[in-house]
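Notes to accompany the following structure.
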Amino acid sequence: MNTTGKRVLLASPRGFCAGVVRAIDAVEKALELYGAPIYVRHEIVHNTHVVQTLERKGAVFVEDTSQVPEGSIVLFSAHGVAPTVHEQAAKRKLTAIDATCPLVTKVHKEAIRYAREDYDILLIGHKGHEEVIGTFGEAPDHIQLVDGPDDVGDIAVRDPSKVMWLSQTTLSVDETMAVVEALRDKFPQLLSPPSDDICYATQNRQLAVKQISAEAGLVIVIGSRSSSNSRRLVDTAKLAGARDARLVDTAEEIDERWMDDVTTVGVTSGASVPEVLIEQVLARLAQCGFENIEIIKAADETQRFSLPRRLRLPCQHNSEREAP
Ligand code: 10G
Ligand code: SF4
C-alpha cells in the first residue's frame, strides 16, 4: 500500500466534556451505592455506546418518569429537565438524582431571572431537543423558541425595549451569532445573556475542528445522530473548508471510498463520545494507510464538576432539586 504523505490531523480538545464525565460518573456511582436497576430518564448523554455500556451495568433508560416504578431511584440526564419533571417524580415518590450539567443549570437560572423581571426571552435552539424542552419549561409564558434565522421574521414581543436572548449550550457559535444579529436588527435593544450560554466545551471543539478542516480532504466526526454538538462539528468542518465531513457512530461505518484522493483526514469527536471510539477510528484509518497522526491543539481544558449532591451525601432519602 502506498502511504506517501497520508496523515491524520487529530483535533484537541475532543470527546468528553466535564458535564458528560459527571453524568456518566453519577450513573455508575448510583449503581455502586444503590445497586441495579437504576432508572435514567432520557439517554444520560446522546451516545449509543455510552448508553449500551451503562445498560449492561444495570441502568434502565426510560423517556418518562411514568415508566419508573413508584419509590425507585431515577437520574435526570445531563441535558436538564423542566420543573414539571421534578414535580411528576415527587408525585411518584421517586428519589431523583439530577445529573443536569451545571452549565445547563446556569441557563435555567438565567431564564428564571429574566422571566421574573418580565422580559420576553428568545431562546435560540433546536425544536424538540431535550435541553431546549427543559429550559423552555422554566418560564413557558416568557420564552419563545428561535430555531434558526428563518424563525426571526415571525417573532413578536410585548415591549421591544425588554427583550433578551438565551441559547442551547451546544449550538454552532457562528450560526448562533448570525441569528443574534438578525434578532438585533429587528430588536435593537436586545439584551445578551450575562455570560456565554454556548459552553466552553462546545466552543473549544468547534475551534479545534476549524483548525484541522482547512487542510483536510475529509473530516470524520465521531458521534451519534442524536448528538446536537457532534452534528454541529460536521457543519463547522464544512464551513471551515473541509472538502467532505462525515458523522460516524463507530469505526465500522467508515467507507474506504471516502478516502479516494485524500491525503489528509481530520478526526474529532463530540462531547458525549468516549475516547475508545476514537482509538478504534484511528486503528481503522491506519489500516487504510493513515498511520501518521498529528495532534492539533486549540485549547487546554481543566474544567471538572463534582457529583450531584445526593451521591456525595448518599444517606439523604428525599428527592433533590439542585439549584435553581
Ligand atoms: O449535543 P447534545 O446536546 O445533543 O448532547 P450530547 O449528549 O451529545 O453531548 C453532551 C451535551 C449535553 C449533555 C447537553 S448540555
Ligand atoms: Fe455541560 Fe457543555 Fe458538556 Fe453540555 S456540552 S454537558 S453544557 S460541558
Side-chain angles (χ1 to χ4, degrees), residues 13-27 40-54 59 61 63 75-82 98-111 123-136 138 145 147 166-173 175-176 193 195-209 221-236 247-250 268-275 277-278 299-308 322-323:
R14 63 181 175 276
F16 279 3
C17 61
V20 165
V21 170
R22 174 183 188 259
I24 295 170
D25 285 353
V27 180
V40 184
R41 184 191 172 280
H42 194 72
E43 292 191 339
I44 187 75
V45 297
H46 292 149
N47 185 267
T48 310
H49 181 274
V50 168
V51 167
Q52 289 174 348
T53 304
L54 290 173
F61 290 90
E63 276 309 308
L75 263 104
F76 298 145
S77 82
H79 314 92
V81 294
D98 190 354
T100 302
C101 176
L103 299 181
V104 174
T105 302
K106 177 184 83 81
V107 182
H108 282 224
K109 283 182 182 169
E110 289 167 353
L123 174 62
I124 304 172
H126 297 298
K127 191 164 187 254
H129 188 281
E130 199 59 23
E131 182 186 333
V132 166
I133 294 169
T135 307
F136 183 87
E138 292 288 0
L145 181 63
D147 188 354
L166 296 176
S167 86
Q168 192 179 333
T169 57
T170 53
L171 300 181
S172 150
V173 175
E175 281 172 21
T176 304
S195 59
D196 289 352
D197 285 346
I198 299 181
C199 76
Y200 81 94
T202 301
Q203 295 194 31
N204 286 345
R205 280 150 193 69
Q206 288 174 17
L207 204 61
V209 83
V221 178
I222 308 161
S224 295
R225 303 282 177 283
S226 53
S227 169
S228 165
N229 79 88
S230 304
R231 293 170 70 140
R232 300 298 78 78
L233 290 174
V234 175
D235 301 342
T236 306
L247 183 69
V248 298
D249 224 327
T250 63
T268 189
S269 55
S272 46
V273 178
E275 193 63 11
L277 299 183
I278 284 270
D300 279 315
E301 287 187 349
T302 52
Q303 182 76 65
R304 297 278 179 279
F305 295 125
S306 53
L307 282 171
E322 294 208 344

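We count ligands from 1, going down the list as the structure has it; atoms in each ligand are counted the same way. Source: prediction; values computed, not measured.
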Subset of ligand 1 atoms that lie under 4.0 Å from at least one heavy atom of Ala78
13 (C)
Close side-chain approach of Pro193 and Leu166, heavy atoms under 4.5 Å
yes
If I apply the N/O under 3.5 Å rule, does His46 come out as touching ligand 1?
yes
Does a side-chain heavy-atom distance below 4.5 Å link Asp196 with Gln203?
yes
Can you tell me if Arg232 has a non-hydrogen atom under 4.0 Å from ligand 1?
no
To the closest 0.5 Å, what do you measure between CD (Glu43) and OG (Ser227)?
10.0 Å
For ligand 1, which atoms sit closer than 4.0 Å to a heavy atom of Val45?
7 (O)
Indicate yes or no: does an N/O atom of Thr169 lie under 3.5 Å from an N/O atom of ligand 1?
no
Can you tell me which portion of Ser228 lies within the under-4.0 Å heavy-atom range of ligand 1? Options are side chain, backbone, both, or neither.
both
Atoms of ligand 1 close to His129 [distance to a heavy atom under 4.0 angstrom, numbered from 1]:
2 (P), 3 (O), 4 (O)
Should the proximity of Asn47 to ligand 1, defined as any heavy atom under 4.0 Å, be assigned to the side chain, the backbone, both, or neither?
neither
What part of Cys199 sits under 4.0 Å from ligand 1 if we count only heavy atoms: the side chain, the backbone, both or neither?
neither
Where is the nearest protein heavy atom to atom 4 (Fe) of ligand 2: which residue, which atom, and how far?
Thr169 OG1, 3.9 Å
Measure the distances from the heavy atoms of Gly223 to every atom of ligand 1 and state whether one is below 4.0 angstrom.
no
Please state which protein non-hydrogen atom is closest to atom 9 (O) of ligand 1 and give its distance, to 0.1 Å?
Asn229 ND2, 3.0 Å
What I want to check is whether the side chains of His46 and Arg231 have a donor and an acceptor closer together than 3.5 Å.
no
Looking at side-chain heavy atoms only, is the closest gap between Asn47 and Leu277 below 4.5 Å?
yes
Closest candidate by heavy atom, reference atom 1 (Fe) of ligand 2, pool Cys199, Ala23, Cys101:
Cys101
What is the closest protein heavy atom to atom 12 (C) of ligand 1, and at what distance does it sit?
His79 CD2, 3.6 Å
Given side chains that start at C-beta, do those of Ile44 and Phe61 come closer than 4.5 Å, heavy atoms only?
yes
Which pair of non-hydrogen atoms, one from Glu138 and one from Val81, has the smallest distance, and what is that distance?
OE2-O, 4.4 Å
So do the side chains of Glu301 and Cys17 get within less than 4.5 Å of each other, counting heavy atoms only?
no
Donor-acceptor contact present, side-chain Ser269 to main-chain Gly15, <3.5 Å:
yes
4.5 Å side-chain heavy-atom contact, Pro13 and Arg205
yes
Near Ser226, which atoms of ligand 1 are under 4.0 Å from a heavy atom of that residue?
4 (O)
Numbered in order shown, the ligand 1 atoms found under 4.0 Å of a heavy atom of Val104 are 15 (S)
Contact partition for Glu131 relative to ligand 1, non-hydrogen atoms under 4.0 Å
side chain
Roughly how far, to the nearest 0.5 Å, is CD1 of Ile198 from OG of Ser167?
4.5 Å
Show which atoms of ligand 1 fall inside a sub-4.0 Å distance from at least one heavy-atom site of Val20.
10 (C)
If you measure from SG on Cys101 to CZ on Arg22, what distance do you get to the nearest 0.5 Å?
7.0 Å
Which residue supplies the protein heavy atom nearest to atom 11 (C) of ligand 1, what is that atom called, and how far is it?
Thr170 CG2, 4.1 Å
Report yes or no: does Cys17 have an N/O/S atom closer than 2.8 Å to atom 3 (Fe) of ligand 2?
yes
